[in-house]
Number of protein chains: 2
Amino acid sequence: MNEQTFSALADSNRLDIIDLLLTQPQSVGEIAEKLELNQPQTSKHLKVLNEAGLVEVQPEANRRIYKLKAESFQEIDRWLDSYRKMWEARMDRLDDYLDVLQGKKPLN
Amino acid sequence: MNEQTFSALADSNRLDIIDLLLTQPQSVGEIAEKLELNQPQTSKHLKVLNEAGLVEVQPEANRRIYKLKAESFQEIDRWLDSYRKMWEARMDRLDDYLDVLQGKKPLN
DNA sequence: TAGGAATATTCTTGTCAAGGAATATTTATA
DNA sequence: TATAAATATTCCTTGACAAGAATATTCCTA
């Protein structure tokens, strides 16, 4: 798993940007206005997100439309796969406990 | 979604620690030795992970056993849920494309 | 092609975090 | 109870990064 990805996500403004882009792709100006950020900051944050592979750009006249890029999110998802076993194991234990409550199984 | 969680993950040493803890809970000394980190750094990284809720401690004699904590990983998983729609939509389009390749469907 | 809109970049400053070194703290044991 | 083992904390230095301000760049349009 890539440290750069988490690094890009470790900023509340950038999390807000990503959250906003989930609704629809949009331009720098729109993002800046909706999140009440100034334009240069917005561009800089988008640059970080872009370099981390979380967004991509599509020029549209003299504006630049940013949109989410699925790959990096999928990478996080695959990374989480390793950890799902962990909490599923805990779920199994909960199932055991529920069985005990229902008298299906003796307590060890 | 919590910025602190991503912040804690945005460091390769800490990613390594988490990866190591996936195999089994273990002490500070074991972690430090396996990852070739010195002990103070290891303790400091574990502190960050602990404050982010990614690990928890269990004292065992004069050692402290650290283990992964499922909750924070599940929180990331729930956060990713919002973004799954995005790439699933793209997957649908891929399915369409595969249908086209197999002659099941005309190209629009 | 000049002007303006949209966006990106540079420069500076302040803050924060990582790493190293040293030391403090806690707990077990002789 | 003194000592050693395991771990945590503090202090210091350095590098990275966010924000603000100013400026540069790109691209459309009159």
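Order of the sequence lines fixes the chain letters, A, B, ..., with proteins taken first and strands second; residue numbering starts at 1 for each chain.
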- Query: Closest nucleotide of DNA chain D for B:Y66 versus for A:P40: which of these residues is on the 5' side?
  - Reply: B:Y66
- Item | Heavy-atom pair of closest approach, residues B:S72 and B:A52 | OG-O, 3.4 Å
- Message: Under 4.0 Å from a heavy atom of chain A: give me the 5'-most and 3'-most nucleotides of DNA chain D that qualify.
- Response: D:dA18 to D:dC28
- Calculate the interatomic distance between B:D11 atom CG and C:dG19 atom C1'; express it in whole Å. 11 Å
- Query: Taking CG from A:L46 and C1' from C:dA6, how many angstroms apart are they, rounded to a whole number?
  - Reply: 13 Å
- Contact nearer the 5' end of DNA chain D, comparing A:E60 with A:S7: A:S7
- Could you tell me which non-hydrogen atom of B:L21 sits nearest to which non-hydrogen atom of B:Y66, and how far apart they are? CD2-O, 3.4 Å
- Query: Can you find a side chain N or O atom of B:H45 that sits less than 4.0 Å from OP1 or OP2 on C:dG19?
  - Reply: yes
- Check B:A8 against B:L54 and note the closest heavy-atom contact, atom names and distance. CB-CD1, 3.9 Å
- Item | Protein-nucleotide distance (B:Q4, atom CD; C:dC16, atom C1'), rounded to Å | 14 Å
- Message: From C-beta outward on B:K44, which listed nucleotide comes closest to its side chain: C:dG20, C:dT9, C:dA28?
- Response: C:dG20
- With a 4.0 Å cut-off on heavy atoms, is A:T42 in touch with a base, just the backbone sugar-phosphate, or nothing at all? nothing
- Shortest non-hydrogen contact from B:M1 toward A:L15: O-CD1, 3.9 Å
- Take atom CD of B:Q41 and atom P of C:dA22, then tell me their distance rounded to the nearest Å. 14 Å
- Closest heavy-atom pair and its distance - A:I65, A:E60: CG1-CB, 3.6 Å
- Item | Closest non-hydrogen atom pair, A:Q26 against A:L20 | NE2-O, 3.3 Å
- Integer-rounded Å distance: C:dG19 C1' and B:K47 NZ: 15 Å
- Message: Which is more 5' along DNA chain C, the nucleotide nearest B:Q39 or the one nearest B:V48? Just name the residue.
- Response: B:V48
When the side chains of residues 35-45 of chain B are checked against the rest of the protein, which donor-acceptor pairs come out under 3.5 Å, sequence neighbours left out?
unit_1 : atom_1 : unit_2 : atom_2 : d
B:N38  : OD1    : B:Q41  : N      : 3.0
B:Q39  : NE2    : B:S43  : OG     : 3.1
B:T42  : OG1    : B:N38  : O      : 2.8
B:H45  : ND1    : B:R14  : NH1    : 3.1

